[in-house]
Visitor: 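Below you will find the structure I want to go over with you.
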Amino acid sequence: MGRRIGIFGGTFDPIHVGHLVAAVNAKHALALDRVVLMVANVPWQKAGVRAVTGAEDRYALVEAAVGDVPGLEAGRHEIDRGGESYTAETLQELADDQPDAELFVVVGWDVAGELATWERIEDVKRLATLVIVNRPGTGRPSGLDGVGWRVEEVTVPNLEISSTDLRTRAADGRPLDYLVPEAAVRVIRARGLYADE
Ligand code: ATP
Ligand code: MG
């Protein structure tokens, strides 16, 4: 098992090519051995705000989407742990399992701007290097440097795609093809997901 591990957390409701392009480019730019797309069980920021698709369905979509892309994998640590998902706990679990691993937490600009609200942020800082990727729709947040973070910036193609927009498209009967990898679209159809929101 490689020792430079990226953790790209998300709700992935559904996964889309914006996630995958960010993941593979972060992997390449920082010579990571693998990037785990870590599926949030209960995303505490979203719970109660909108209906979130079941975790196992979202995990199946991520698994289908990463397919056999080398070095990308779906992670179910947060699902298996149950309850609300906190990155600090996930990092601690990975660090305990693989004490020689170097951990990198990948976030887009929008999430980077919300880090101050994360639970046990000091643990995240201690356990991982923060990797920030650009995302259209929000600017790069300031105030991340010089406050105890190890920070890397990775520039990725600007893809203006969000799961929120995809859910609206699906509900309207518009196609998700090419925005969502084909294998994941097949899972969406087979399970009847996003059809009647
Ligand atoms: P939603 O609209 O439901 O919030 P989302 O598209 O933002 O969905 P998330 O699962 O919330 O997807 O995001 C997971 C991670 O992926 C976050 O760090 C987010 O910044 C990043 N991300 C999502 N879409 C893109 C994109 N198009 N380009 C770069 N990063 C992205
Ligand atoms: Mg989001």
Side-chain angles (χ1 to χ4, degrees), residues 6-30 32 35-55 57-66 72-79 84-88 90-91 103-118 121 124 128-141 144 149 151-172 174 176 178-181 184-185 188 193-194 197:
I7 295 95
F8 190 27
T11 312
F12 304 115
D13 191 12
I15 189 163
H16 52 70
V17 298
H19 296 129
L20 295 158
V21 167
V24 295
N25 282 281
K27 176 176 180 289
H28 176 79
L30 299 170
L32 305 180
V35 173
V36 182
L37 285 86
M38 190 62 73
V39 180
N41 186 48
V42 179
W44 55 271
Q45 304 97 322
K46 290 174 181 167
V49 177
R50 67 173 180 84
V52 176
T53 304
D57 284 330
R58 290 181 286 108
Y59 179 80
L61 295 178
V62 174
E63 232 192 353
V66 297
L72 282 201
E73 57 189 70
R76 51 175 304 123
H77 296 66
E78 298 182 351
I79 297 175
E84 297 194 327
S85 302
Y86 299 109
T87 300
T90 304
L91 292 173
L103 303 177
F104 296 79
V105 171
V106 182
V107 295
W109 276 352
D110 59 318
V111 170
E114 299 167 350
L115 287 176
T117 69
W118 281 20
I121 193 69
V124 180
T129 298
L130 184 68
V131 179
I132 303 177
V133 300
N134 51 291
R135 180 178 190 182
T138 41
R140 184 197 179 282
L144 291 167
W149 284 107
V151 179
E152 298 277 1
E153 307 270 345
V154 176
T155 303
V156 303
N158 272 316
L159 294 172
E160 199 165 348
I161 306 172
S162 71
S163 301
T164 300
D165 178 58
L166 293 172
R167 291 190 299 274
T168 306
R169 286 173 178 276
D172 293 350
R174 286 179 286 164
L176 303 186
Y178 306 107
L179 298 170
V180 172
V185 171
I188 289 173
L193 304 174
Y194 307 112
E197 287 194 27

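All values derive from a computational prediction rather than experimental measurement. When a ligand or atom number is given, it counts from 1 through the structure's own listing order.
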Visitor: Please name the pair of heavy atoms, one in Ala55 and one in Ile79, separated by the smallest distance, quoted to 0.1 Å.
Guide: O-CD1, 3.7 Å
Visitor: Identify, with sequence neighbours excluded, every residue that meets salt bridge (Lys or Arg N to Asp or Glu O under 4.0 Å) alongside Arg76.
Guide: Glu56, Asp80
Visitor: Does either side chain, that of Thr90 or that of Glu78, offer a donor lying less than 3.5 Å from an acceptor on the other one?
Guide: yes
Visitor: Do the side-chain N and O atoms of Thr53 and Asp13 include a donor-acceptor pair separated by under 3.5 angstrom?
Guide: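 Yes.
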Visitor: Pro181 and Ala65: which non-hydrogen atoms are nearest, and at how many Å?
Guide: CG-CB, 3.8 Å
Visitor: Ligand 1: which residues have a non-hydrogen atom closer than 4.0 Å?
Guide: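 Correct list: Phe8, Gly9, Gly10, Thr11, Phe12, His16, Gly18, His19, Lys46, Arg50, Val107, Gly108, Asp110, Val111, Asn134, Arg135, Leu159, Ile161, Ser162, Ser163, Thr164, Arg167.
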Visitor: What's the verdict on side chain to side chain contact (heavy atoms under 4.5 Å, CB included) for Phe12 and Leu37, showing C-alpha distance, side-chain angles and the deciding distance?
Guide: CA-CA 9 Å; Phe12 304 115; Leu37 285 86; 4.0 Å; yes
